[in-house]
Amino acid sequence: MSSCSGRSYHETTKHSWISVRQNPNRLDWNNQPSSLKFYPKEYRRIQLSKEFSAHNFIYHIGGITAKKSYPGVEYYLRTNPSAGALYPNELYFQARNVDGFDDGIYHFEVGSSSAVLLQNLSEDEGLEPLLHINNPMNGLLFFISSPWYRSAWKYKNRAYRYCLLDAGHILGAIEAGSYLYEHAYRVAYNVDLEELNCFFDFGREEFFLSAAIVAIPKKGKTVKLPDSKIKQVDPAGVFESNQIIEQAYSDTLDLQKCKKEPRFPKFTFHKQAWEETILKRRSIREFSGKSITKAQFEAIMEIVEQPVPSDCDEPLKIYAVLNRVVGMPIGIYHNGRLLKNGDFSKKAGYLCLEQRLGSDSAVTFFLLSDGCNYRSLYQKAGFIGHRIYLTVNYLGIGCSGIGAYYDDEVSEFLGDDSMVLYALAIGV
């Protein structure tokens, strides 16, 4: 197996039948972090409007689409899923020569559906140098951060996994929105994150994870980082340090032997139906136990296997436990090949921390990797998870992402000792 910068962290945060029972989560509801970040009122806000395509694009990445209320609890659903609806990520972006925005650096303020102007930019200023780009980029540059205690409040040491997965979902949402925006994108992991954290005045409570480029270079010009930094504000209202998570972030900053993926995916979704899918996406809570068709499963796999353009692509292994697919033998599949025939539905449910989602589904996916760059491979898993979510919803099927499973037992079940990154159950 390849050496991996986050392997030791991954090992220490595995779930097992015993660990789940010996270390149950006990939540302090009186000190729950806020899932929304707000900059002071004196900052200029641009309300997102359907009049501008770039505004629509940004809203589709993580805008609020519904509200749910329970006794003593109220939370908002967004276009992107999040483990426990905790949303441990924030989206910042730079706009240059984009209709609907002055040239500047912005924060997407989800709570008000607006873009907060943090700093104006002159023609020769920008964040491009932190992406190792010398020319000013006309378009949008996205930067994804993580106020990670939002997730650690509930998921403790394992929360860094969820922060990365959720960031990957945001990158996947950028891909989904770029299809409507009709502009190519590419994911950037090779970012000077330490300098970016410093520029945004981040302390221990928030750190950047990745970026995405939806822009083209302006030739013949050079760009420099602005002299004045952006002043940080409290992103969650509550914070407790966690040495394991903070060390894991530090250990996974540097990238090793990255391989670029220059290819772009090719989609043929009906755009109006695709937009409706983005806005209506939901995580299903139970399945009926009914089957999906072979054609639906093959359509999902065709989309999932499309390339993800990035500067540090990591290999993912996608295993599928077919429980109920008409026209296909049930069992464990990998790369379209049946590895083992049999009814493993109950086993899949058990592996997903004994959740019926894994057993009542039509298919339960397990995403694994033996790559060496933990930060990028985990976000890619979230990215592929987002593709699965939207594609199955587009086909009228339900999906639920599962970040908790018995790690070593999944590896044993699949006969693969690679790191288990994510599980997703789909069905009707």
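Other residues, nucleotides and ligands contribute more than 12 heavy atoms inside 6.0 Å of the CD atom of Glu11. Under a cut-off of 6.0 angstrom, the local environment of CG in Leu27 is crowded, with over 12 non-hydrogen atoms contributed by other residues, nucleotides or ligands. By the 6.0 Å contact criterion, CD on Gln272 is open, its count of non-hydrogen atoms from other residues, nucleotides or ligands being 12 or less. Environment of CZ in Arg356: sparse, with no more than 12 heavy atoms of neighbouring residues, nucleotides or ligands closer than 6.0 Å. With a 6.0 Å radius and a threshold of 12 heavy atoms from other residues, nucleotides or ligands, Asp99 has its CG atom at or below the threshold. At most 12 heavy atoms of other shown residues, nucleotides or ligands fall within 6.0 angstrom of atom NZ in Lys229. Enclosure of atom CZ in Arg387 by more than 12 non-hydrogen atoms of other residues, nucleotides or ligands within 6.0 angstrom is indicated.
Interatomic distance, CE of Met419 versus CG of Leu316, reported as 10.0 Å (0.5 Å rounding). For the atom pair CG of Leu48 and OG of Ser112, the computed distance is 8.0 Å after rounding to the nearest 0.5 Å. Separating the OG atom in Ser210 from the CD1 atom in Ile170 is a distance of 8.0 Å, to the nearest 0.5 Å. Here the CG-CD1 distance, from Leu424 to Ile388, works out to 5.0 Å after rounding to the nearest 0.5 Å. Interatomic distance, OG of Ser359 versus CD of Glu354, reported as 10.5 Å (0.5 Å rounding). We find the CG-OH distance between Asn120 and Tyr106 to be 7.0 Å, quoted to the nearest 0.5 Å.
For the pair Asn197 (side chain) and Asp201 (backbone), a donor-acceptor distance under 3.5 Å is absent. Remark: side-chain polar atoms of Gln47 are paired, donor with acceptor, to backbone N or O of Ser113 under 3.5 angstrom. A donor-acceptor pair under 3.5 Å is formed between the side chain of Arg375 and the backbone N or O of Leu253. In terms of modelled atom types and a separation under 3.5 Å, the side chain of Asn242 and the main chain of Ile245 share a donor-acceptor contact. Looking only at distances, a side-chain donor or acceptor of Tyr59 sits under 3.5 Å from a matching main-chain atom of Ile64. Judged by distance alone, the side chain of Arg158 and the main-chain N or O of Thr13 form a donor-acceptor pair under 3.5 Å. Here the side chain of Arg281 pairs a donor or acceptor atom with the backbone of Thr79 at under 3.5 angstrom. A donor-acceptor contact shorter than 3.5 Å links the side chain of Glu128 to the backbone of Met137. Judged by distance alone, with hydrogens and angles left aside, the side-chain atoms of Tyr179 form a donor-acceptor pair with the main-chain N or O of Phe269 at under 3.5 Å. Judged by distance alone, the side chain of Asn323 and the main-chain N or O of Ser361 form a donor-acceptor pair under 3.5 Å.
Counting heavy atoms from C-beta outward, Ser5 and Asp251 have side chains that stay 4.5 Å or more apart. Annotation: side chain of Tyr160 is not in contact with side chain of Tyr378 (no heavy-atom distance under 4.5 Å). In this structure the side chain of Asp416 reaches within 4.5 angstrom of the side chain of Tyr319, judged on heavy atoms. Under the 4.5 Å side-chain criterion, counting only non-hydrogen atoms from C-beta, His386 is not in contact with Glu175. Looking at Asn56 and Leu180, their side chains never come closer than 4.5 Å, going by heavy atoms from C-beta outward. A heavy-atom distance below 4.5 Å is not found between the side chains of Leu421 and Leu368. Using a 4.5 Å heavy-atom cutoff, the side chains of Phe143 and Phe200 are not in contact. Here the side chains of Leu209 and Ser146 are in contact, with some heavy-atom distance below 4.5 Å.
A salt bridge between Lys271 and Glu275 is absent, with no side-chain N of the basic residue lying under 4.0 Å from a carboxylate O of the acidic one. Salt-bridge annotation for Glu246 and Arg204: present, with a side-chain N of the basic residue lying under 4.0 Å from a carboxylate O of the acidic one. Using a cutoff of 4.0 Å between basic side-chain nitrogens and carboxylate oxygens, Glu412 and Lys347 are not scored as salt-bridged. With respect to the salt-bridge test (charged N to carboxylate O, under 4.0 angstrom), the residues Asp313 and Lys380 qualify. Salt bridge annotation for Asp166-Arg150: absent, with no cationic side-chain nitrogen under 4.0 angstrom from a carboxylate oxygen. The pair Glu261-Lys259 does not count as a salt bridge, with every side-chain nitrogen at least 4.0 angstrom from each carboxylate oxygen.
Closest approach of Tyr92 to Glu206, counting heavy atoms only: OH-OE2, 3.0 Å. Between Leu255 and Asn373, the shortest heavy-atom distance links the atoms CA-OD1, 3.2 Å. Considering every non-hydrogen atom in both Pro40 and Val233, the closest pair reads CD-CG1, 3.7 Å. Nearest heavy-atom pair, Phe57 versus Ser178, reported as atom, atom and distance to 0.1 Å: CE1-N, 3.3 Å. Closest heavy-atom contact between Ala212 and Ile174: CB-CD1, 3.8 Å. Of all heavy-atom pairs between Pro226 and Gln119, the closest is CB-OE1, 3.1 Å.
Between Phe142 and Tyr185, the ring centre distance reaches or exceeds 6.0 Å. Aromatic rings of Tyr87 and Tyr76 (six-membered ring for Trp) have centroids beyond the 6.0 Å cut-off, not under it. The six-membered or imidazole ring of His169 lies near that of Tyr389, with a centre-to-centre distance under 6.0 Å. Aromatic rings from Tyr394 and Phe267 are positioned such that their centres are separated by 6.0 Å or more. Separation of the Phe208 and Phe202 ring centroids falls under the 6.0 Å cut-off.
Residues satisfying the side-chain hydrogen bond (donor to acceptor under 3.5 Å, both in side chains) test with Tyr374, not counting sequence neighbours, are His10. Residues satisfying the salt bridge (Lys or Arg N to Asp or Glu O under 4.0 Å) test with Glu276, not counting sequence neighbours, are none.
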Worked verdict on Tyr405 versus Phe366 for ring-ring contact (aromatic ring centres under 6.0 Å, His included): CA-CA 10 Å; Tyr405 34 78; Phe366 291 100; 7.0 Å; no

